[in-house]
Participant: 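One structure follows; several queries about it will come next.
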Amino acid sequence: MEEKITVRMTDTYLFDFTLYQSVHTYSKLAGFLTNILGAAIAFMGIIMLVMGKIKPVQIIFYLVAAVVFIAYTPLLLKYRSKKQVKGIERYHVPNEMTFNDEGIQVEFADKKETYEWEQIQKVVTTPKTIGFYYETEKALIVPKPDFGDKFVPILTLATKKLGSARVHLR
């Protein structure tokens, strides 16, 4: 079996995927504490306003600080996604991806890369993309629309080659 697709990366798809990765960051202690700190700053400002310790205008500073802590990561990821799509060669041009029994071949800008199924650690889905992790922090990212009518055959092949424990669909 062999299935070929053309992948066209955009900053929207890359942001979707990186936001998925950061959800795991949020579940770790540092990400959790960042969100708690943002919420604590907001509550502290509200409590101080109710107690009369600050003027109503000053609550704006507390709320802005809270929003900065909570929104920093998504805003940073959006900025980085735009920058990466412009700066990374493989995202400038369409990638021809071939999925077969041996693995995944990627061709772009006169370059050819091969990833054997043994290299693929896991497959994950986000609302807009599928990621094939070939290293802990590196993945081949495929926007779902780029699969076309080959989505089911490709994911079936990946599940067959990797086992259902390494293919995380939702």
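All values below come from the heavy atoms of this structure, side chains included, with hydrogens, waters and symmetry mates left out.
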Participant: Any pair with a residue in residues 65-85 that passes salt bridge (charged side-chain N to carboxylate O under 4.0 Å, His left out), sequence neighbours left out, goes on the list, sorted by first then second residue, please.
Facilitator: none

Participant: Counting distance only, does the side-chain N/O of H92 pair as donor-acceptor with the main-chain N or O of K86 below 3.5 Å?
Facilitator: yes

Participant: Quick one: sort the F17 and Y20 rings into parallel, tilted or perpendicular, breaks at 30° and 60°.
Facilitator: tilted

Participant: Which residues pass the salt bridge (Lys or Arg N to Asp or Glu O under 4.0 Å) test with E102, not counting sequence neighbours?
Facilitator: none

Participant: Regarding Y115 and E113, is there a side-chain donor-to-acceptor distance under 3.5 Å anywhere?
Facilitator: yes

Participant: Give a yes or no answer on whether the side chain of Q84 reaches the backbone of S81 with a donor-acceptor pair at less than 3.5 Å.
Facilitator: no

Participant: Test: ring pair (Phe, Tyr, Trp, His ring centres under 6.0 Å). Region: residues 33-62. Which pairs qualify, not counting sequence neighbours?
Facilitator: none

Participant: Does the gap between the ring centers of Y79 and F15 come in under 6.0 Å?
Facilitator: no

Participant: M97, V167: one ILVMFWY side-chain cluster at the under-4.5 Å cut-off?
Facilitator: yes

Participant: Between the side chain of N95 and the main-chain N/O of R90, is any donor-acceptor distance below 3.5 Å?
Facilitator: yes

Participant: Is a side-chain N or O of N100 found less than 3.5 angstrom from the main chain of M1, in a donor-acceptor match?
Facilitator: no

Participant: Does Y91, at its OH atom, have more than 12 non-hydrogen atoms belonging to other residues, nucleotides or ligands within less than 6.0 Å?
Facilitator: yes

